[in-house]
Amino acid sequence: MQETGLRPQPEPQWIVVGINIAVVIAYTIYLRYVDKGQYNIIGDAMLIGMHVVICLLLAIFVLSKEFLMSAALVLVIGFSTCWTVFATKVFYK
């Protein structure tokens, strides 16, 4: 007998990746729109770098595949978003 109406639970890997990407988006938006400083791009780059290092350290001890994927996506998406958001601020005043 099969039960109908049950949704499959998302895999933990996508939950971990989603949370990490949401955190990157949150502090990028905060540094771009709320805390309008001249050197926020440096702060955002440092936060992204620390986020990647933390993900890599957690990959050693906790969920290896999930945090390795998170580190890679945070690195690629974070720095490209950082550059795009802050470059438009500098070049299109």
Side-chain angles (χ1 to χ4, degrees):
M1 185 164 118
Q2 248 183 355
E3 294 184 33
T4 58
L6 294 177
R7 292 187 306 179
Q9 295 297 321
E11 296 179 25
Q13 115 186 34
W14 296 113
I15 294 172
V16 170
V17 171
I19 290 171
N20 281 300
I21 296 300
V23 169
V24 169
I25 290 169
Y27 60 71
T28 301
I29 288 174
Y30 174 77
L31 287 173
R32 173 66 171 102
Y33 295 107
V34 178
D35 184 23
K36 295 182 179 184
Q38 184 178 2
Y39 298 108
N40 281 352
I41 190 168
I42 296 169
D44 196 27
M46 291 178 76
L47 283 172
I48 291 169
M50 288 188 307
H51 194 148
V52 169
V53 168
I54 290 170
C55 283
L56 290 174
L57 288 174
L58 286 172
I60 294 171
F61 298 111
V62 188
L63 302 169
S64 61
K65 291 179 186 176
E66 289 83 355
F67 280 107
L68 281 176
M69 185 183 301
S70 293
L73 288 175
V74 165
L75 187 65
V76 171
I77 293 171
F79 278 117
S80 64
T81 303
C82 175
W83 176 255
T84 303
V85 167
F86 288 103
T88 57
K89 179 181 178 182
V90 173
F91 296 123
Y92 300 109
K93 276 189 172 181

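All values derive from a computational prediction rather than experimental measurement. FYI, the numbering just counts along the sequence from 1.
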Taken to the nearest 0.5 Å, the spacing of L56 CG from F61 CZ works out to 12.0 Å
Rounded to the nearest 0.5 Å, the CD1 atom of I15 sits from the CD atom of E66 at a distance of 10.0 Å
- Is there a path of hydrophobic side-chain contacts, each under 4.5 Å between heavy atoms of I, L, V, M, F, W or Y residues, that connects I42 with I29? yes
Is the closest side-chain heavy-atom distance between N20 and F67 below 4.5 Å?
yes
Those residues at least two apart in sequence (or on a different chain) that pass side chain to side chain contact (heavy atoms under 4.5 Å, CB included) with I21 are V17, I25, L73, V74, I77
Side chain to side chain contact (heavy atoms under 4.5 Å, CB included) filter on Y27, not counting sequence neighbours, yields V23, V24, D44, L47, I48, H51
